[in-house]
Every structure is written in structure tokens, then in C-alpha cells.
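This report concerns only the one structure given below.
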Amino acid sequence: MHCRKPRVVDSGLFLCFAKERAVKKRHDSTKNKEKEVTSLDDEFAQTFTPINRADKQPASYDGFIRVELSREPVPYHVVKVFSEHLDENHCHAMAVAACRMGILTLDVIRGKLSANGLRRAASAKVIERLQRLAFIIEHRMNRDDEYKAKLKYPPVMPLWLSGAFISSTCLEICMQLSIGHELYLANLRFEQVGCRWVCTFADIG
């Protein structure tokens, strides 16, 4: 009776194969993720995945926004709490607009952009509030060089957005942004005025 020799597995070769499979899996995952990503600066790139759960929760829409200086795409989550139909592309476009507005409002507050540049996109009350905040921040930056360097020079980076369409003509959204190592929250409200969507409330803190 012949005894079969135990099979010897080359551990180095096995680890090599395992590494190749892990890299391929990660590459495929990245490719799938990139398909869901759209550019903040490209109004026509609107890859979007609607989600409507069967557990009687509000219909929700999830997607990603790619920001130029961000390493990772910015995720957003928007729910719809009214019964009327909501177009997926419209929801995505509003998430992109909200992301842009959050970045611009912080740029106004820290003195890198004039509030007059937002007059078509924001109401007079929002413009007035941003101008007041910019005045207060500028006064402090003039007295504190360290505070100025920390707030004014690093880029604004959005991290996530979460909001709700409370009607077909009103969107309320919250987003987190960072400037350097500092984190900020922005609450924005958009209302349809005629054929335009206007930011009617903005609070940054």
C-alpha cells in the first residue's frame, strides 16, 4: 500500500494569487463607484440611483457629487415626504446646486467672494445675513492673524449632504463642510420662485 505524500502549497504563490484577487475586486468596486459619480461642474453628468424602500419609509434618493479638490466623492441623501412624483434628475440637480451654494456661502463669509455674486441664487434676506456675517468675521481676522490663516486660505471641502423635499417647490438640506481641520454645518432652504430655485435661508456654524 502506497502512502500519498502530503501536498505542499507554496505559501508565497498563494499570497500572490490572493493579493491579485483583492486588487481586482477593489478595482471593480472602484469602477462601479465611479459610474455613480458626477461632476459638480458638469450639469449634464447626472448618474443617479433612486431608492424606494418597501417598509413604508419616505422615498429616498442617494447619489454622489465629485468635487474638484476632494479625494472622495461627496455622498448625498434626499427624502421625499409628499405624494407627488419627483424627477430623479431634478433631485440630483438640486443636490448639486445645494452643494455649490454651501461652498459659496462659506467663501462669502470668509471674505473670498462678494455676496453680490449670489443675488440671482439667493434672496435679499440671505444676502443681507451673509454680508453681516462677513463683516463680523473680517473684523476678527484683522485682529487675529492665526484665525485668518486657519479660516481664509484652506479650500472649502463638502463632506456630505442630507435633506428633504417637503413639497415639490421646497427643499431643506443640511451639509457638513470642512476648512482645514475645522468642521462646519450649513442649513439651507431652497424655494421655487417662478421658474427659478432660490436659496431663502442659509445658516452656517
Side-chain angles (χ1 to χ4, degrees), residues 38-46 48 61 63-70 73-78 86-87 89-142 144 147-180 182-205:
T38 184
S39 170
L40 179 63
D41 300 318
D42 188 353
E43 298 177 356
F44 303 101
Q46 297 179 358
F48 184 80
Y61 303 83
F64 295 90
I65 304 169
R66 176 171 290 169
V67 183
E68 184 178 357
L69 297 177
S70 178
V74 180
Y76 68 83
H77 175 76
V78 178
L86 180 63
D87 181 70
N89 291 334
H90 172 64
C91 179
H92 177 81
M94 288 303 300
V96 173
C99 187
R100 180 181 286 113
M101 179 59 71
I103 294 172
L104 294 178
T105 52
L106 265 181
D107 278 343
V108 169
I109 291 172
R110 61 188 186 148
K112 294 180 71 70
L113 178 71
S114 170
N116 292 326
L118 300 181
R119 289 201 176 275
R120 283 187 55 82
S123 67
K125 288 185 177 180
V126 170
I127 296 295
E128 182 183 356
R129 178 181 176 81
L130 293 178
Q131 288 174 330
R132 192 181 305 119
L133 288 171
F135 176 80
I136 295 172
I137 295 298
E138 181 184 19
H139 183 67
R140 180 177 175 182
M141 287 194 295
N142 289 337
D144 189 339
Y147 178 76
K148 180 178 180 179
K150 183 172 62 175
L151 180 65
K152 190 164 186 176
Y153 301 120
V156 179
M157 304 299 296
L159 302 177
W160 53 259
L161 296 90
S162 180
F165 274 95
I166 60 176
S167 73
S168 60
T169 59
C170 183
L171 168 66
E172 294 183 352
I173 200 159
C174 175
M175 62 184 298
Q176 188 178 55
L177 311 99
S178 67
I179 300 179
E182 300 293 324
L183 296 177
Y184 298 87
L185 286 175
N187 290 312
L188 305 172
R189 181 185 177 99
F190 296 86
E191 297 181 63
Q192 188 174 5
V193 180
C195 61
R196 293 190 300 121
W197 283 82
V198 177
C199 179
T200 57
F201 178 81
D203 187 30
I204 308 271

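Since the model is a prediction, treat every value here as computed from it, not as a measurement.
- Applying the side chain to side chain contact (heavy atoms under 4.5 Å, CB included) rule to Tyr153 yields the partners Lys148, Ala149; only residues at least two apart in sequence or on another chain are considered.
- Taken to the nearest 0.5 Å, the CD1 atom of Ile109 stands 7.0 Å off from the CD1 atom of Ile137.
- Closest approach of His90 and Asp87 over heavy atoms only: N-OD2, 3.0 Å.
- How far CG of Leu113 is from CG of Leu106: 11.5 Å, rounded to the nearest 0.5 Å.
- Here the shortest heavy-atom pairing between Leu161 and Ala95 reads CD2-O, 3.8 Å.
- Applying the 6.0 Å contact sphere to OH of Tyr147 captures more than 12 heavy atoms from other residues, nucleotides or ligands.
- Put simply, the side chain of Val78 does not reach to within 4.5 Å of the side chain of Met94, judged on heavy atoms.
- By the 4.5 Å heavy-atom criterion applied to side chains, Val126 and Leu118 are not counted as neighbours.
- Atom OG1 in Thr105 sits 6.5 Å away from atom CG in Leu130 (nearest 0.5 Å).
- Of all non-hydrogen atoms in Pro158 and Val67, the two that sit nearest each other are CG-CG2, 3.7 Å.
- Residues Asp203 and Arg129 form a side-chain contact, since some pair of their non-hydrogen atoms from C-beta on lies under 4.5 Å apart.
- Interatomic distance, Ile179 CD1 to Leu151 CG, rounded to the nearest 0.5 Å: 5.0 Å.
- The distance from the CD1 atom of Ile65 to the NE2 atom of His92 is 6.0 Å, given to the nearest 0.5 Å.
- Between Phe165 and Trp197, the two ring planes are perpendicular [angle over 60°; tilted spans 30° to 60°].
- Residue Met175 is tested with Asn187, Leu159, Leu188, Val74 for a side-chain contact (heavy atoms from CB on, under 4.5 Å); the sole match is Leu188.
- With a 4.5 Å cut-off on side-chain heavy atoms, Lys150 and Asp144 do not count as touching.
- Considering only heavy atoms from C-beta on, Trp160 comes within 4.5 Å of Cys174 through its side chain.
- Looking at Leu86 and Tyr61, their side chains come closer than 4.5 Å, going by heavy atoms from C-beta outward.
- For the atom pair CD (Gln131) and OG (Ser114), the distance works out to 7.0 Å, reported to the nearest 0.5 Å.
- In terms of heavy-atom proximity, Ile204 sits nearest to Ala186 at CD1-CB, 3.3 Å.
- Not one N or O on the side chain of Arg189 forms a donor-acceptor pair closer than 3.5 Å with the backbone of Thr200.
- Remark: side-chain polar atoms of Arg119 are not paired, donor with acceptor, to backbone N or O of Ile127 under 3.5 angstrom.
- Looking at every heavy atom in both residues, Val198 comes nearest to Ala122 through CG1-C, 3.6 Å.
- The shortest non-hydrogen separation linking Gln192 to Ser168 is OE1-O, 4.2 Å.
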